[in-house]
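Inspection log for the structure reproduced underneath, given as structure tokens.
Values in this document were obtained by computation on a predicted structure and should not be read as measured data. Just so it is clear, the values below take in all heavy atoms, side chains as well, and ignore hydrogens, waters and symmetry mates.
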Amino acid sequence: MGNSTSRLYSALAKTLTSSPVLSQQEEYLQPTDHEQLDPKDLLEECQVALQDRPARPLREFVTLQNDSSSQTFRVMQWNILAQALGEGKDNFVKCPLEALKWEERKYLILEEILIYRPDVLCLQEVDHYFDTFQPILSRLGYQCTFLAKPWSPCLDVEHNNGPDGCALFFLQDRFQLVSSAKIRLSARSLKTNQVAIAEILQCNETGKLLCFAVTHLKARTGWERFRLAQGSDLLRNLESITQGAKIPLIVCGDFNAEPTEEVYKRFASSSLNLNSAYKVLSEDGESEPPYTTWKIRPSGEFCNTLDYIWYSQHALKVNSALGLPTEEQIGPNRLPSFNYPSDHLSLVSDFSFNEISTRLL
């Protein structure tokens with residue numbers, strides 16, 4: 001390893017060392033006194049740190065239509081599994097505790113992001129924002145926004161790293177921020193513990209506007225009506241923010257809801273004219289994948305589709321989507337594991353503007 005990469009590795013290791021939890025009320029400015037990181041060098045260093053672990057599952061993009069124009073942009077959606085929950089609450093009975101240690105799991109998460117290099121990144125269950133993701137991703141050229149859950153379950157875990165929440169990142173060489181809204185979701189007029197971030201971005205090259213949102217709805221069976229109320233509140237907010245869908249919209253999230261749930265149906269039938277990007281992987285183009293999360297807990301094995309990338313189908317088209325690993329690739333112990341850091345799989349889609357909508361914008 002050359003001197004330059006050795007210095008980079010040392011800097012990365014220092015940045016990723018756990019630090020005292022900072023106040024969640026403190027607003028973080030984008031750092032200007034740190035040298036920008038080369039994503040290729042950083043990816044190499046992640047792979048060096050992970051060299052004793054098995055290789056991650058190989059995933060290929062399914063391409064619907066080739067569009068090499070600069071107006072194509074990539075979006076990643078991922079519930080990365082809060083560290084405190086993974087080690088202290090979620091009880092993944094087939095996952096060795098050693099596989100969940102933050103000292104290496106953080107490199108697995110960063111490696112996934114660096115491999116696919118999204119223009120816009122939407123994460124849930126982020127409890128290492130201030131000491132890991134904000135300092136590292138800002139040095140990769142991303143502008144970063146975070147919103148913690150008001151009563152995060154992470155705070156119940158001893159030696160936690162603060163509350164988890166949603167985070168939205170975008171590359172500043174592709175977009176600039178027009179407006180940002182931090183939303184605490186309501187259900188039947190009551191404020192809840194779930195949140196969302198919605199940001200209007202302007203494409204640097206074309207000047208077109210896009211709205212991106214990230215959310216994480218209430219988990220667990222028995223809370224279906226609650227999720228429906230939260231989703232309906234989010235849709236009302238997004239309708240206002242996008243001026244009634246005049247601004248194209250992409251919503252990423254862990255909805256904790258199968259496609260049979262009412263909140264899914266509400267999004268699919270809303271006035272915002274949304275469609276789910278990962279339907280493109282199905283033979284009929286109308287079905288969701290069989291799973292986006294697969295885990296084993298003391299109460300049993302759970303294989304569910306809970307994560308989605310919704311998009312304005314009148315304005316945008318899906319060019320490609322990252323395929324999901326097979327059951328064999330995931331392995332009998334399911335997720336998380338030594339070669340995959342979360343119980344949820346990342347979703348990655350490439351989008352471009354519809355030609356008709358482009359003429360109207």
Side chain to side chain contact (heavy atoms under 4.5 Å, CB included) between Ile296 and Glu301, intermediate numbers included: CA-CA 4 Å; Ile296 302 175; Glu301 185 167 345; 3.9 Å; yes
As a quick check of understanding, evaluate side chain to side chain donor-acceptor pair (under 3.5 Å) for Gln230 and Thr192, giving each step before the final call. CA-CA 8 Å; Gln230 289 183 326; Thr192 73; 3.0 Å; yes
May I ask you to decide if Asn91's main-chain N or O and Arg297's side chain share a donor-acceptor pair within less than 3.5 Å? no
Strictly distance-based, threshold 3.5 Å: is any side-chain N or O of Gln202 a donor or acceptor partner for the main-chain N or O of Gly207? yes
Are the side chain of Glu60 and the backbone of Gly323 linked by a donor-acceptor contact shorter than 3.5 Å? no
Is the backbone of Gly222 close enough, under 3.5 Å, to the side chain of Glu224 for a donor and an acceptor to pair up by distance? yes
May I ask you to decide if the ring planes of Phe255 and Tyr308 are parallel, tilted or perpendicular, using 30° and 60° as cut-offs? perpendicular
Ignoring hydrogens and geometry beyond distance, is a side-chain donor-acceptor pair present between Asp127 and Gln83 at under 3.5 Å? no
Decide whether Thr293 and Asn304 meet the rule of one side-chain donor and one side-chain acceptor closer than 3.5 Å. no
Any side-chain heavy-atom pair from Leu108 and Glu104 closer than 4.5 angstrom? no
If we only count heavy atoms from C-beta on, is the Ile113 to Phe169 side-chain gap below 4.5 Å? no
Just jot down the salt bridge (Lys or Arg N to Asp or Glu O under 4.0 Å) partners of Asp350, sequence neighbours excluded, or say none. Arg74
Verify, without hydrogens or angle tests, whether Arg105 (side chain) and Ala99 (backbone) share a donor-acceptor contact under 3.5 angstrom. no
Supply the atom-to-atom distance Ile250 CD1 to Cys122 SG, rounded to the nearest 0.5 angstrom. 8.5 Å
Gln124 side chain to Gln77 side chain, donor-acceptor N/O pair below 3.5 angstrom: yes
Indicate the ring-plane relationship of Phe226 and Trp223, choosing parallel, tilted or perpendicular according to the 30° and 60° boundaries. perpendicular
Apply ring pair (Phe, Tyr, Trp, His ring centres under 6.0 Å) to Phe351 and list each qualifying residue two or more places apart in sequence or on a separate chain. Phe73, Tyr311
Any Lys/Arg nitrogen of Arg334 or Glu327 sitting under 4.0 Å from an Asp/Glu carboxylate oxygen of the other? yes
Looking at Ala257 and Leu306, what are the two nearest heavy atoms and their distance? N-CD2, 3.5 Å
Looking at side-chain heavy atoms only, is the closest gap between Glu199 and Thr145 below 4.5 Å? yes
Heavy atoms from other residues, nucleotides or ligands near NZ of Lys94 exceed 12 (cutoff 6.0 Å): no
Does Arg266 have more than 12 heavy atoms from other residues, nucleotides or ligands lying within 6.0 Å of its CZ? no
Minimal non-hydrogen separation, Ile200 against Ile241, with atom names: CD1-O, 3.6 Å
Give the minimum heavy-atom separation between Pro289 and Thr305, together with the two atoms involved. O-OG1, 2.6 Å
Connected-component partners of Leu100 among ILVMFWY, side-chain separation under 4.5 Å: Leu81, Phe92, Leu97
What do the steps show when you test Lys265 against Glu262 for salt bridge (charged side-chain N to carboxylate O under 4.0 Å, His left out), and what is the final call? CA-CA 5 Å; Lys265 297 175 183 177; Glu262 289 301 317; 3.6 Å; yes
Leu177 side, atom CG; Ser179 side, atom OG - distance, nearest 0.5 Å: 6.5 Å
Report yes if some heavy atom in the side chain of Leu316 is under 4.5 Å from a heavy atom in the side chain of Phe353; otherwise report no. yes
Co-membership, hydrophobic cluster, residues Leu322 and Leu64, 4.5 Å side-chain: yes
Can you measure from CD (Gln243) to CG (Leu249) and round to the nearest 0.5 angstrom? 12.5 Å
Minimum-distance pair of heavy atoms, taken over all atoms of Leu185 and Thr215: CD1-OG1, 3.6 Å
Applying the side chain to side chain contact (heavy atoms under 4.5 Å, CB included) test to His216, which of Val195, Val126, Asn256 qualifies? Asn256
Salt bridge (Lys or Arg N to Asp or Glu O under 4.0 Å) involving Arg117 - partner list, sequence neighbours excluded: none
Taken to the nearest 0.5 Å, the spacing of Lys149 NZ from Asp164 CG works out to 4.0 Å
Which of Val75, Asn79, Asp307 passes side chain to side chain contact (heavy atoms under 4.5 Å, CB included) with Leu347? Answer is Asp307
Answer with yes or no whether the side chains of Glu112 and Tyr340 bring together a donor and an acceptor at under 3.5 Å. yes
Begin from the C-alpha positions of Ile80 and His128 and carry the test side chain to side chain contact (heavy atoms under 4.5 Å, CB included) through to its verdict. CA-CA 11 Å; Ile80 61 172; His128 275 272; over 6 Å; no
Counting heavy atoms not belonging to Glu283, are there more than 12 under 6.0 Å from its CD? no
How close do Ser349 and Ile309 get, heavy atom to heavy atom, and via which atoms? OG-CD1, 4.0 Å
Is there side-chain contact between Glu111 and Leu43, with at least one heavy-atom pair below 4.5 Å? yes
Could you check Thr292 against Tyr278 for side chain to side chain contact (heavy atoms under 4.5 Å, CB included), going step by step and ending with a plain yes or no? CA-CA 10 Å; Thr292 62; Tyr278 261 66; over 6 Å; no
Indicate, with yes or no, if Leu335 and Val93 share a hydrophobic cluster defined by side-chain heavy-atom contacts under 4.5 Å among Ile, Leu, Val, Met, Phe, Trp and Tyr. no
Taking all heavy atoms of Cys154 and all of Pro163, pick out the closest pair and write down the distance. CB-CA, 4.5 Å
Without hydrogens or angle criteria, can the side chains of Ser276 and Glu288 be said to hold a donor-acceptor pair below 3.5 Å? yes
Any heavy-atom pair between the side chains of Trp78 and Ile109 that's under 4.5 Å? yes
Between atom CG of Leu209 and atom OG1 of Thr242, what is the distance when rounded to the nearest 0.5 Å? 11.5 Å
Do the side chains of Phe338 and Pro96 get nearer than 4.5 Å, heavy atoms only? yes
Please list, chain by chain and in numerical order, all residues satisfying side chain to side chain contact (heavy atoms under 4.5 Å, CB included) with Ser270, sequence neighbours excluded. Leu235, Leu272, Leu274
Please report the interatomic distance SG(Cys95) to CD(Glu87), rounded to the nearest 0.5 Å. 10.0 Å
Determine, step by step, whether Asp343 and Phe302 satisfy the side chain to side chain contact (heavy atoms under 4.5 Å, CB included) criterion, reporting the C-alpha distance in whole Å, the side-chain angles of both residues, the deciding distance to 0.1 Å, and the verdict. CA-CA 10 Å; Asp343 55 321; Phe302 300 89; over 6 Å; no
Residues forming a side chain to side chain contact (heavy atoms under 4.5 Å, CB included) with Trp151, sequence neighbours excluded: Arg184, Asn193
Keeping the roles fixed (side chain from Asn273, backbone from Ser312), state whether a donor-acceptor pair exists under 3.5 Å. no
Decide yes or no for Ser346 and Arg59: does some side-chain heavy atom of the first lie under 4.5 Å from some side-chain heavy atom of the second? yes
